[in-house]
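Here's the structure, in structure tokens; my notes come after.
In what follows, every heavy atom counts, from backbone to side chain, and hydrogens, waters and symmetry copies are set aside.
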Amino acid sequence: MAEPNVDPARRTWLMITCGAGAVGGVATAVPFVASFTPSERAKAAGAPVEVDVSALKPGEKTVVEWRGKPVWIMRRTPAQLESLKKSEPQVADPNSERTQYPTPDYAKNQWRSIKPELFVAVGICSHLGCSPSDKFTPGPQPSLPDDWVGGFLCPCHGSTFDLAGRVFKNKPAPDNLEVPPHMYLSDNSLLIGEDKKA
């Protein structure tokens, strides 16, 4: 069978066109694929946050940002720790067994913390994402029961949490406040966003 006549100039232009198309495809694909890697800003937003808690006095709370969320760090007084025993029968999940926000093993205790006096939690209600208000003073107050022992009130729909972030029974919030992964680098230095298992 005779070979068809192919114009050499046409063959050259065909090869040049295919080569240019391949180079153009690679030039287009490289920035597109590179866009999948997180930016420095995104890496920083998810990075662990180190917090000095040495200046935090008993009864005080500070707020830091981690992954765009407010994280509460509270140094509870002995009286506030004692109040957790009183609120335990009134909370919906005293042992942090619900799984919407799994509690780290080191916080599956009455205090929901590594050290009883220092409480670390994400300050976002598990109902609709509002930020609860501090209601540390015990006793009757507007929107709170007469036997209030201190804790947090979500003003949006009335969910209440004790000073360990445990939601009270029969409230709209389905779960306790989230305890983020955290660990102590020293007695006064807390790392939020990472723990020994990470």
Distance in Å, [X] [atom1] paired with [Y] [atom2], rounded so as to fall on 0.5 Å steps:
X	Y	atom1	atom2	value
D93	R166	CG	CZ	9.0 Å
S54	R75	OG	CZ	8.5 Å
Y184	L118	OH	CG	4.0 Å
L177	C125	CG	SG	7.0 Å
I124	E178	CD1	CD	8.0 Å
N176	S96	CG	OG	5.0 Å

Under 4.5 Å between side-chain heavy atoms, hopping through other hydrophobics if needed: is there a path connecting [X] to [Y]?
X	Y	result
V63	L163	yes
W72	V167	yes
L144	F168	yes
I192	L56	yes
W111	M74	yes

(message) Run the side chain to side chain contact (heavy atoms under 4.5 Å, CB included) test on I73 and F119 for me, step by step, so that the C-alpha distance in whole Å, both residues' side-chain angles and the decisive distance to 0.1 Å come before the verdict.
(response) CA-CA 6 Å; I73 304 163; F119 176 54; over 6 Å; no

(message) Tell me whether the count of non-hydrogen atoms from other residues, nucleotides or ligands lying under 6.0 Å of NZ in K86 goes above 12.
(response) no

(message) Could you tell me if K135 sits above the aromatic ring of F152, with its cationic atom closer than 6.0 Å to the ring centre and no more than 45 degrees from the axis?
(response) no

(request) Would you sort out whether E65 and V49 count as a side chain to side chain contact (heavy atoms under 4.5 Å, CB included), showing the intermediate values? (result) CA-CA 8 Å; E65 186 176 333; V49 176; over 6 Å; no

(message) Tell me if a side-chain donor or acceptor on S189 pairs with a main-chain N or O of D52 at a distance below 3.5 Å.
(response) no

(message) Taking the six-membered ring for Trp, are W148 and F136 closer than 6.0 Å centroid to centroid?
(response) no

(request) Over all heavy atoms of both residues, which pair between G59 and T77 is shortest? Give the atoms and the distance, please. (result) N-CG2, 3.5 Å

